[in-house]
Amino acid sequence: MTRIALVTGGSRGIGAAISKELKSKGYSVAATYAGNDEKAKAFTEETGIKTYKWNVGDYAASKEGIAQVEADLGPIDTVVANAGITRDAPFHRMTPEQWQEVIDTNLTGVFNTVHPIWPGMRERKFGRVIVISSINGQKGQFGQVNYAATKAGDLGIVKSLAQEGARAGITANAICPGYIATEMVMAIDESIRDKIIAGIPAGRLGEPEEIARCVAFLAGEDSGFINGSTISANGAQFFV
Ligand code: CAA
């Protein structure tokens, strides 16, 4: 049976690696993106994975987009809420706009992504919800009051969903990546990034594929008793 997976923010960074990993495991994959048409087109050409454009922070757009994916591919049984942004600034300089943008995408975006898919999972008695949180949701981070709040909130979402979905055959789990070699991490000032890497016992950034393999594991049909948990993949930078 072909499983249908939706990966938000699935055409770039960690999301692209997740989309490709699931495709290689036989899933029919839809990847969403927010803005960059050219990169999404190139991704589809390279991988054969269909992309869909909507803003995960917009409930109506998410619902409509998900309906389109289901019309094209079939009912979604695996959803990876991966789309996320940073608007880093020390708290005393963080603007209400920087706060709100991050909340809308990283936290409300998870609600908007999972909520329209959830009833179908309940009816079919199977579902896999995987939320990409962050090490910084676990430990906090200088300059990321907004981001850390959303990523900690994501953990609350999965622990609650896990309890609600368990009897319906649905699992909800989180992955907390550490610092991974993506555009998001490369955007940090080089001198700050070097200090961060020096604080990672593994002595390197993680690779997107290392997170993608965690997703594939949690998505597996034989992972049904793993529910409400968090995989920390951070090169020993932080222990919960
Ligand atoms: N702890 C304590 N003090 C710190 C600090 C830290 N981690 N980082 C900076 N400071 C101090 C600096 O030493 C400096 O002090 P002085 O003025 O006394 O020298 C002061 O705070 C100001 O620091 P900056 O010069 O860096 O301030 P800035 O305004 O230029 O930049 C910032 C602020 C944008 C938050 C910048 O510090 C930064 O980019 N930090 C990295 C934040 C980070 O790790 N983001 C993760 C992005 S990747 C991601 O989010 C993916 C994921 O899930 C892991």
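Numbering of residues begins at 1 and proceeds along the displayed sequence. All ligand and atom numbering here is 1-based and tracks the order in the structure. This structure is a prediction, so every number in the text was calculated from the model and none was measured.
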Query - Which atom of Gly143 lies closest to which atom of Met94, heavy atoms considered - result: O-CE, 4.2 Å
Requested in this report: Please identify which atoms of ligand 1 are closer than 4.0 Å to at least one heavy atom of Ser134.
Outcome: 52 (C), 53 (O), 54 (C)
Query raised in the report: Which option out of Phe142, Tyr179, Phe91 puts a heavy atom nearest to atom 10 (N) of ligand 1?
Result: Phe142
Query - Heavy atom of protein closer than 4.0 angstrom to atom 12 (C) of ligand 1 - result: no
Report summary line: Sorted by chain and number, sequence neighbours left out, salt bridge (Lys or Arg N to Asp or Glu O under 4.0 Å) with Lys139 holds for none
Report summary line: Note: ligand 1 atoms sitting under 4.0 Å from heavy atoms of Thr86 are 50 (O)
**Report entry** Asp189, Leu205, Asp88, Ile192: member with heavy atom nearest to atom 26 (O) of ligand 1
**Finding:** Ile192
Report task. Taking atom types as modelled, find out whether Ser232 and Asn234 have a side-chain donor-acceptor pair closer than 3.5 angstrom. Result -> no
Requested in this report: Examine the proximity of ligand 1 to Arg93 and report which part, side chain or backbone, both or neither, has a heavy atom under 4.0 Å away.
Outcome: side chain
**Report entry** Under-4.0 Å protein heavy-atom contact, atom 29 (O) of ligand 1
**Finding:** yes
Query - Distance filter under 4.0 Å to Pro90 heavy atoms, resulting ligand 1 atoms - result: 33 (C)
Report summary line: For atom 46 (C) of ligand 1, the closest protein heavy atom turns out to be Gln144 NE2, 3.3 Å
Requested in this report: Kindly compute the distance separating CE (Met186) from OH (Tyr179), expressed to the nearest 0.5 Å.
Outcome: 12.5 Å
Query raised in the report: Distance below 4.0 Å between atom 37 (O) of ligand 1 and any protein heavy atom?
Result: yes
Query raised in the report: Under a 4.0 Å heavy-atom limit, does Ile196 contact ligand 1 with its side chain, its backbone, both, or neither?
Result: side chain
Query raised in the report: Salt bridge between Arg213 and Glu209, side-chain N to carboxylate O under 4.0 Å?
Result: no
Query raised in the report: When rounded to the nearest 0.5 angstrom, what is the spacing between CD1 in Ile4 and CD1 in Ile76?
Result: 8.5 Å
Query raised in the report: How about Ser229 and Asn173: does a side-chain donor come under 3.5 Å of a side-chain acceptor?
Result: yes
Query raised in the report: Of the protein's non-hydrogen atoms, which lies at the shortest distance from atom 48 (S) of ligand 1, and what is that distance?
Result: Val185 CG2, 3.8 Å
Query raised in the report: Are Asp72 and Lys50 ion-paired here, with the side-chain N under 4.0 Å from a carboxylate O?
Result: yes
Report summary line: Within 4.0 Å of some non-hydrogen atom of Gly143, the atoms of ligand 1 are 35 (C)
Query raised in the report: So is there a nitrogen or oxygen of Asn136 less than 3.5 Å from a nitrogen or oxygen in ligand 1?
Result: no
**Report entry** Protein heavy atom under 4.0 Å of atom 50 (O) of ligand 1
**Finding:** yes
Query raised in the report: Minimum heavy-atom separation for Pro177 to Ile132, with atom names?
Result: CG-CG2, 3.8 Å
Query raised in the report: Less than 4.0 Å between atom 1 (N) of ligand 1 and some protein heavy atom, yes or no?
Result: yes
**Report entry** Glu38 with Lys53: basic N within carboxylate O range, under 4.0 Å
**Finding:** no
Query raised in the report: Distance-only, no hydrogens or angles: does the Lys23 side chain make a donor-acceptor pair with backbone N or O of Thr47 under 3.5 Å?
Result: yes
**Report entry** Protein non-hydrogen atom below 4.0 angstrom of atom 22 (C) of ligand 1 present
**Finding:** no
Query raised in the report: Does the protein put a heavy atom less than 4.0 Å from atom 32 (C) of ligand 1?
Result: no
**Report entry** Distance, nearest 0.5 Å, that separates CD1 of Ile170 from CG of Asn227
**Finding:** 9.5 Å
Requested in this report: Output yes when the distance from some N or O of ligand 1 to some N or O of Tyr147 is under 3.5 Å, and no in every other case.
Outcome: yes
Query raised in the report: Under 4.0 Å from atom 53 (O) of ligand 1, is there any protein heavy atom?
Result: yes
